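Here is how names work: the chains are called A, B, and so on, in the same order as the sequence lines, proteins then strands, and each is numbered from 1. Everything numeric in this text was worked out from a predicted model, so none of it was measured.
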Amino acid sequence: MEAKKIRSTFIEFFQSKQHQYVPSSPIVVKNDPTLMFTNAGMNQFKDAFLGNEIAKFPRVANSQKCLRVSGKHNDLEEVGVDTYHHTMFEMLGNWSFGDYFKKEAIEWAWELLTDVYGLSADRLYVSVFEGDKGDNLEMDREAFELWKAIVPEDRIIMGSKKDNFWEMGDTGPCGPCSEIHVDLRSDAERASIPGKDLVNNDHPQVIEIWNLVFMQFNRVADGSLKSLPATHVDTGMGFERLVRAIQHKSSNYDTDLFTPFIAELEKKSGKSYGENEQTDIAFRVIVDHIRAISFTIADGQIPSNNKAGYVIRRILRRAVRYGYTFLGFNEPFLYELTPMIASNFGDIFPEVRQQQEFISKVIFEEETSFLRTLANGLKILDQIKSELKAKNENVIPGKTAFELYDTFGFPLDLTSLIAREHGLSLDEAGFALEMEAQKNRSRAASESETGDWVMVHEDEGVEFIGYDFLKSDSNIVKYRVISDKKGDRYQVVLDKTPFYAESGGQVGDTGWLISDSEKIKVVDTKKENDLIVHFVEKLPKSPEKQFSAEVDQHRRSLTMNNHTATHLLQSALKSVLGDHIQQRGSLVNDQLLRFDFSHFGKMTEEEIEKVENLVNAKVRENIPLVERRNVPIEEAKSLGATALFGEKYGEFVRMITFDSSYSVELCGGTHVPSTSQIGLVKITSEGSISAGVRRIEAITSVAAEAYLREQEQLLKEIQELLKNPKDVKKAIEALLDERNSLKKEIEGLHLEKASGIKSELLKQFQRKDDLNLLIAKVELPNADSLKKLAYELKNEVENAFVILAAAIEDKPQIAVIIEDSLVGSKNLNAGSIVRELAKEIQGGGGGQPFFATAGGKDLNGLDRVVLKAKELFG
RNA sequence: GGGGAUGUAGCUCAGUUGGCUAGAGCGCUUGGCUGGCAGCCAAGAGGUCGUCGGUUCGAGCCCGAUCUUCUCCA
């Protein structure tokens with residue numbers, strides 16, 4: 001059975017059991033400070049389990065894109081070494097939210113694996129929670145009995161808390177789980193050692209494929225367990241492993257999920273998979289990583305130098321590194337795999353097909369830049385090598401290797417490889433030491449302590465009412481303190497709030513919380529999952545009182561102008577540049593709007609003008625806002641609403657329309673009641689921020705007016721300066737021309753003057769033994785001309801020895817120049833001469849033996865300099 | 001968020017412990033030569049040495065601040 005068929009079969013199977021199919025949520029996580037990427041199928045249902053939200057469907061099935069780059073079995077550096085771990089993988093899952101429980105979950109899992117997929121029962125083992133004394137939990141007898149009705153008892157394994165009790169975190173929903181393992185060894189091997197002994201023992205051919213979690217407890221802060229009012233089922237089956245089991249392969253990479261990619265790489269590299277352990281690892285690394293990179297970029301995460309973007313960059317670079325070292329790719333190659341990603345995964349994950357060109361471009365740029373980094377590192381390493389050779393040493397110090405890695409991004413394994421090739425070794429312990437120090441520095445700098453929530457008023461739902469109100473009577477549900485190096489910050493949650501939390505690019509509201517005894521400033525509002533958190537200047541003294549929550553209306557209203565303008569801008573860009581325009585990021589605050597979008601190439605002046613004109617035309621049309629909340633997502637899409645890739649949408653969405661034939665977007669932000677309120681939109685800049693992504697900044701209403709006024713004022717001032725010419729541009733051009741010709745003229749005059757002085761000086765040379773001596777006082781316009789004059793005299797007179805005392809812009813300066821040959825033969829040194837003479841002008845100086853200069857403070861000393869020089873040499 | 005590096009001609013880069021008149025290669029302009037794969041020769045243009053401030057007689061170089069880009073860590 002093909003992988004595609006296996007996936008669709010899973011979904012259809014659960015659909016036939018009344019499950020709702022839900023698309024994968026984005027692989028990149030937003031609004032959760034504890035998580036950068038989706039790492040399990042349950043992430044998007046977290047709020048349902050936590051009770052923050054009521055599940056929209058009682059039964060759900062899905063295939064979730066996941067990414068894991070850290071954790072005990074998912075260290076990035078390990079992926080590809082074995083045959084069954086991945087960075088990006090799909091997690092198939094079926095879910096019950098307060099609906100069916102253990103019986104159905106177990107029976108259906110078995111039915112699907114054996115009857116539908118045809119896995120033979122004698123290769124399967126199941127595990128059941130054995131109980132735990134510490135938590136005072138009995139074994140999961142219910143699951144055990146259910147399994148016993150299906151499989152022989154000797155195929156049921158009792159598992160410890162570590163393997164068979166699942167917890168989301170230190171606190172929260174949890175429960176026993178039951179795992180299904182499959183033994184994929186040959187019959188001979190199976191006969192010699194029973195599979196049962198190998199379950200949960202890291203055997204590469206005896207692996208867990210499905211985990212059925214039965215959530216029935218809530219772990220509370222004191223560590224104890226409480227029964228949940230409703231029980232849930234959360235299952236997760238690693239898709240890649242399932243495919244391998246069904247296709248009877250000994251490695252995930254031998255399934256048709258990966259073989260087309262390996263074949264393509266074989267073609268490109270001329271090397272074959274399965275011939276050499278090192279190159280095999282390289283093949284696996286690349287075909288694994290290209291998936292991770294493509295999917296995260298499709299969900300809007302571009303490689304960058306911090307946070308989630310940095311994780312992507314590291315994965316991509318690891319793939320390039322392996323290709324470079326073991327498969328001989330010296331040119332970008334990863335990007336050429338993206339069409340295959342699109343064709344193999346585009347059906348279930350349309351985002352990788354629709355954005356294939358963009359993904360390819362981003363990867364290409366990133367590969368190119370890394371190859372540059374590598375080339376640069378190789379150069380530096382060459383230097384290091386020759387330095388070592390010169391010192392007759394053969395160990396690259398850890399500090400040096402670390403510098404190469406830390407500052408220049410050159411991978412350690414490459415350093416070590418090249419070192420070996422040149423008979424050098426590498427001080428790896430020293431490197432580790434430096435690395436540790438780096439980590440400690442970073443940790444110390446970003447240490448923060450999150451205090452526990454202090455509950456004030458119990459309240460279940462937290463309600464946002466800011467679309468309709470800017471003021472409300474609210475109670476504080478809870479508050480806490482977060483401390484880091486910069487000090488303490490205070491967070492407050494309200495039972496209902498008009499404050500908009502930062503989201504969709506729009507900044508969080510500011511304002512005040514006012515009770516009868518105090519007034520507290522709200523400096524920002526942010527989301528934490530679905531919680532709305534107000535950042536306040538100080539904690540309330542009487543938090544139990546009722547507060548009037550008041551949004552800063554002026555700021556909100558300016559922000560709304562910019563947000564609506566952003567929508568108008570996006571549509572205008574589409575109509576001027578084409579339908580490939582997609583939002584890549586956005587910032588909307590009270591000052592400006594910033595809009596990032598996919599587009600290749602710089603926008604021309606004409607295009608910018610067209611866009612600006614179109615947007616302003618729409619403003620003048622005074623189009624009223626049509627806001628619809630709780631629109632079924634399918635309906636919204638059929639109405640042509642613009643949705644974002646990488647955005648998590650629920651079943652119901654909010655639609656913001658300004659002229660149904662012009663701008664229809666899914667958006668949670670706040671907007672003006674009609675477009676004319678925006679007044680004026682002015683684009684202030686257009687530029688590139690990364691491969692294939694352009695950024696436009698614009699201002700609206702009062703800011704736009706102020707900007708135009710400033711420009712006008714500036715022009716006015718310039719006109720006045722120029723005595724109000726008819727054509728300012730021409731006047732300035734004329735001025736510049738004149739300035740240039742005058743500059744040249746001055747240069748000519750200086751030259752003339754200098755040559756006058758020079759010819760005068762040439763006459764004053766005195767023959768003294770076999771050298772030509774000149775000691776003179778001159779007046780010159782600048783220091784440069786003194787230098788020039790000295791050099792010219794030296795060049796024109798044989799065996800010249802020149803001492804010039806110059807007055808330059810009311811400052812005394814001395815220059816001494818000596819024909820090179822005299823320096824040695826006469827034992828003269830311009831540096832020491834000039835230092836001696838500089839005493840007379842209260843200064844100091846120096847230079848080289850043949851030429852030196854000095855400056856000083858006492859202009860009157862110049863005559864003494866001449867006298868003294870004559871005394872010494874005359 | 002923290003550490004390190006980087007910014008010099010249109011491009012790629014040199015530039016020693018502060019002191020050669022700020023250079024090289026490629027590119028550009030002009031002229032000359034030339035049947036040969038990056039044609040050759042000659043002349044020339046092109047630089048606020050990222051920006052601002054400081055130290056110094058003197059700063060591309062040293063110090064401080066700031067911005068750009070790269071890079072590692074969190």
Side-chain angles (χ1 to χ4, degrees), chain A residues 33-34 36 69-70 303-311 313-314 317 365-366 368-377 379-380 383 399-412 415 431-432 434-448 482 484-487 687-690 744 751 754 782-795 805-809 811-820 823 829-859 861-862 865:
Chain A
T34 63
M36 289 194 287
V69 287
S70 56
S304 73
N305 60 352
N306 58 35
K307 300 260 162 66
Y310 183 57
V311 174
R313 172 167 285 176
R314 265 170 51 198
R317 292 187 166 195
E365 288 292 328
E366 189 65 22
T368 309
S369 121
F370 183 52
L371 289 171
R372 244 200 322 268
T373 300
L374 283 184
N376 191 34
K379 236 168 70 183
I380 299 170
Q383 241 167 33
K399 204 169 175 166
T400 309
F402 182 75
E403 194 197 349
L404 199 54
Y405 170 75
D406 179 58
T407 303
F408 301 104
F410 197 75
L412 180 69
T415 305
F431 179 91
E434 295 288 331
M435 191 74 186
E436 194 53 35
Q438 157 99 315
K439 286 187 176 175
N440 287 337
R441 249 197 318 271
S442 287
R443 240 194 304 274
S446 65
E447 227 158 50
S448 79
I482 293 183
D484 59 21
K485 274 182 109 183
K486 286 189 175 159
S688 157
I689 56 161
S690 107
K744 279 203 178 111
L751 229 67
N782 56 48
D784 216 36
S785 57
L786 174 63
K787 214 181 227 175
K788 255 188 178 138
L789 180 61
Y791 271 93
E792 282 174 19
L793 288 171
K794 183 187 78 145
N795 290 341
I808 294 166
E809 285 171 337
K811 274 186 154 181
Q813 189 138 14
I814 307 169
V816 176
I817 195 159
I818 307 167
E819 179 64 44
D820 304 24
V823 172
N829 186 316
S832 44
I833 295 169
V834 89
R835 258 191 295 275
E836 182 60 30
L837 296 175
K839 285 178 187 165
E840 302 299 327
I841 53 169
Q842 292 178 36
Q848 300 98 74
F850 78 97
F851 177 72
T853 56
K857 289 167 191 151
D858 185 7
L859 191 62
L862 282 178
V865 170

Checking contacts here: which listed nucleotide (A5(B), A74(B), C72(B)) is nearest the side-chain heavy atoms of F408(A)? A5(B)
S442(A) has a side chain; which of G2(B), C72(B), A5(B) sits nearest to it? G2(B)
Expressed as a whole number of angstroms, how long is the span from F851(A):CZ to G18(B):P? 18 Å
Which nucleotide in U71(B), A74(B), G2(B) has an atom nearest any side-chain atom of Q438(A): G2(B)
Using atom C1' of each nucleotide, how far apart are U34(B) and A42(B) to the nearest Å? 15 Å
Distance in angstrom units between L374(A) CG and C72(B) C1', rounded: 15 Å
I need the CZ-P distance between R372(A) and C11(B), as an integer number of Å. 14 Å
Provide a list of protein-nucleic acid N or O atom pairs under 3.5 angstrom, restricted to nucleotides 54-63 of chain B.
from: C57(B); atom 1: O4'; to: G855(A); atom 2: O; distance (Å): 3.0
from: C57(B); atom 1: N1; to: G844(A); atom 2: O; distance (Å): 2.7
from: C57(B); atom 1: O2; to: G844(A); atom 2: O; distance (Å): 3.4
from: C57(B); atom 1: N3; to: G844(A); atom 2: O; distance (Å): 3.3

Within the structure shown, what part of the strands sits under 4.0 Å from R313(A) by heavy-atom distance: base, sugar-phosphate, or nothing? sugar-phosphate
Check nucleotides 22-25 of chain B against the protein and report each pair of N or O atoms closer than 3.5 Å, with its distance, or say if there are none.
none

Base, sugar-phosphate alone, or nothing: which one does R441(A) contact when heavy atoms must sit under 4.0 Å apart? sugar-phosphate
When both hydrogen-bonding distances must be under 3.5 Å and the geometry is Watson-Crick or G-U wobble, what is G1(B) paired with, if anything? C73(B)
Please report, rounded to the nearest Å, how far the P atom of G2(B) is from the CG atom of D406(A). 16 Å
